[in-house]
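Positions are given from 1 along the sequence.
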Amino acid sequence: QVQLVDSGGGLVQAGGSLRLSCAASGRTFSRYAMGWFRQAPGKEREFVAAISWSGGNTDYADSVKGRFTISRDNAKNAVYLQMNSLKPEDTAAYYCAADSTPFRGRVSSRLYEYNYWGQGTQVTVSS
């Protein structure tokens, strides 16, 4: 059983920064790509960023490119999301997710290709 524990959310003013963390356990972390998704009230869960199993490839939603950076530390079984220049529209619950396929040859933005999820951490950006 894989467990993902999200942390690092909070309340921040527009223009500020937060760093989200996700701690993984239960399987060989380094074999799987990881992603971050978010869900605002009344909206569907959407892709934010993803990183390949090796850390060599990343992908971002257009809305966060240039502001957010995803990274991973395979020695610590952790993935991070550095969020800078935050905007009120970034307000949402953020979830880390683990890819269902080991050594996937591409980075996925598709929600259904992730089969393990963290509990979510709330990010609120005030204007």
Side-chain angles (χ1 to χ4, degrees):
Q1 185 72 16
V2 175
Q3 290 189 326
L4 302 175
V5 179
D6 306 325
S7 62
L11 174 64
V12 64
Q13 289 188 332
S17 298
L18 283 174
R19 188 191 193 213
L20 306 184
S21 299
C22 174
S25 62
R27 69 179 182 185
T28 307
F29 176 78
S30 60
R31 297 177 180 176
Y32 297 86
M34 298 292 294
W36 285 97
F37 292 76
R38 66 186 181 187
Q39 188 168 17
K43 295 187 177 181
E44 293 185 350
R45 193 167 296 189
E46 65 176 7
F47 170 73
V48 175
I51 188 166
S52 62
W53 58 272
S54 67
N57 293 306
T58 57
D59 190 23
Y60 297 92
D62 288 343
S63 59
V64 307
K65 279 181 181 176
R67 300 189 297 123
F68 291 11
T69 303
I70 189 171
S71 61
R72 66 188 296 158
D73 185 338
N74 285 343
K76 295 183 178 180
N77 285 2
V79 63
Y80 308 99
L81 186 68
Q82 178 66 43
M83 305 186 296
N84 298 329
S85 302
L86 282 161
K87 304 176 181 180
E89 51 263 45
D90 294 319
T91 295
Y94 283 71
Y95 300 87
C96 73
D99 198 325
S100 60
T101 301
F103 304 120
R104 190 186 295 275
R106 56 176 171 79
V107 178
S108 176
S109 62
R110 301 167 184 168
L111 190 147
Y112 63 85
E113 291 188 329
Y114 294 83
N115 62 342
Y116 290 103
W117 295 84
Q119 83 285 0
T121 185
Q122 179 67 35
V123 172
T124 303
V125 184
S126 63
S127 57

| Taking side chain as C-beta onward, heavy atoms only, is S17 less than 4.5 Å from Q82? | yes
| query | To the nearest 0.5 Å, what is the distance between CZ (R104) and OH (Y32)? | reply | 10.5 Å
| said: Check for me whether the distance between the ring centres of F37 and Y114 falls short of 6.0 Å. | reply: yes
| query | Is it the case that one hydrophobic cluster holds both V12 and V64, taking links as side-chain heavy atoms less than 4.5 Å apart, direct or via other members? | reply | yes
| request: Could you grab the distance from atom CZ of R38 to atom CD of Q122, nearest 0.5 Å is fine? | output: 11.5 Å
| query | Taking a hydrophobic cluster as the set of Ile, Leu, Val, Met, Phe, Trp and Tyr residues connected by side-chain heavy atoms closer than 4.5 Å, whether directly or through intermediates, do L11 and V123 fall within one such cluster? | reply | no
| message | Hydrophobic clusters here meaning ILVMFWY residues chained together by side-chain heavy-atom distances under 4.5 Å, can you tell me if W36 and F47 are in one? | response | no
| field | Shortest non-hydrogen separation from R27 to D99 and the atoms involved | value | NH2-O, 2.7 Å
| request: Please confirm whether the backbone N or O of T91 pairs with a side-chain atom of T124, one donor and one acceptor, at under 3.5 Å? | output: no
| message | Quick one, R72 and N77 - any side-chain contact, counting heavy atoms below 4.5 Å? | response | no
| query | Looking at P88 and A14, what are the two nearest heavy atoms and their distance? | reply | CD-CB, 4.1 Å
| message | According to disulfide bond (SG atoms under 2.5 Å apart), does anything in residues 5-106 pair up with another residue at least two apart or in another chain? List the pairs. | response | C22-C96
| message | So, taking the atom named CD in Q119 and the one named CD in Q3, what distance separates them when rounded to the nearest 0.5 Å? | response | 10.5 Å
| Residue pairs passing the ring-ring contact (aromatic ring centres under 6.0 Å, His included) test where at least one lies in residues 62-100, sequence neighbours excluded | none
| said: Quick one, L18 and L86 - any side-chain contact, counting heavy atoms below 4.5 Å? | reply: yes
| Can you find a pair of side-chain heavy atoms, one from D6 and one from L20, that are under 4.5 Å apart? | no
Hey, can you pull the donor-acceptor pairs under 3.5 Å for the side chains in residues 48-60, sequence neighbours left out?
unit_1, atom_1, unit_2, atom_2, d
S52, OG, S54, OG, 3.4
S52, OG, G55, N, 3.3
S52, OG, G56, N, 3.2
S52, OG, N57, N, 3.0
S52, OG, N57, O, 3.4
S54, OG, G56, N, 3.1
Y60, OH, I70, N, 2.9

| query | Should the pair R106-E113 be classified as a salt bridge under the 4.0 Å nitrogen-to-oxygen rule? | reply | yes
| Heavy-atom side-chain proximity of D90 to M83 below 4.5 angstrom | no
| said: Please report the interatomic distance OG(S85) to CZ(R67), rounded to the nearest 0.5 Å. | reply: 7.0 Å
| query | Could you state the interatomic distance from CG (D73) to OG (S21), rounded to the nearest 0.5 Å? | reply | 10.5 Å
| note | Distance col, row N74:CG vs R31:CZ, nearest 0.5 angstrom, shows 12.0 Å
| Heavy atoms, side chains only, cut-off 4.5 Å: are Y116 and M34 in contact? | no
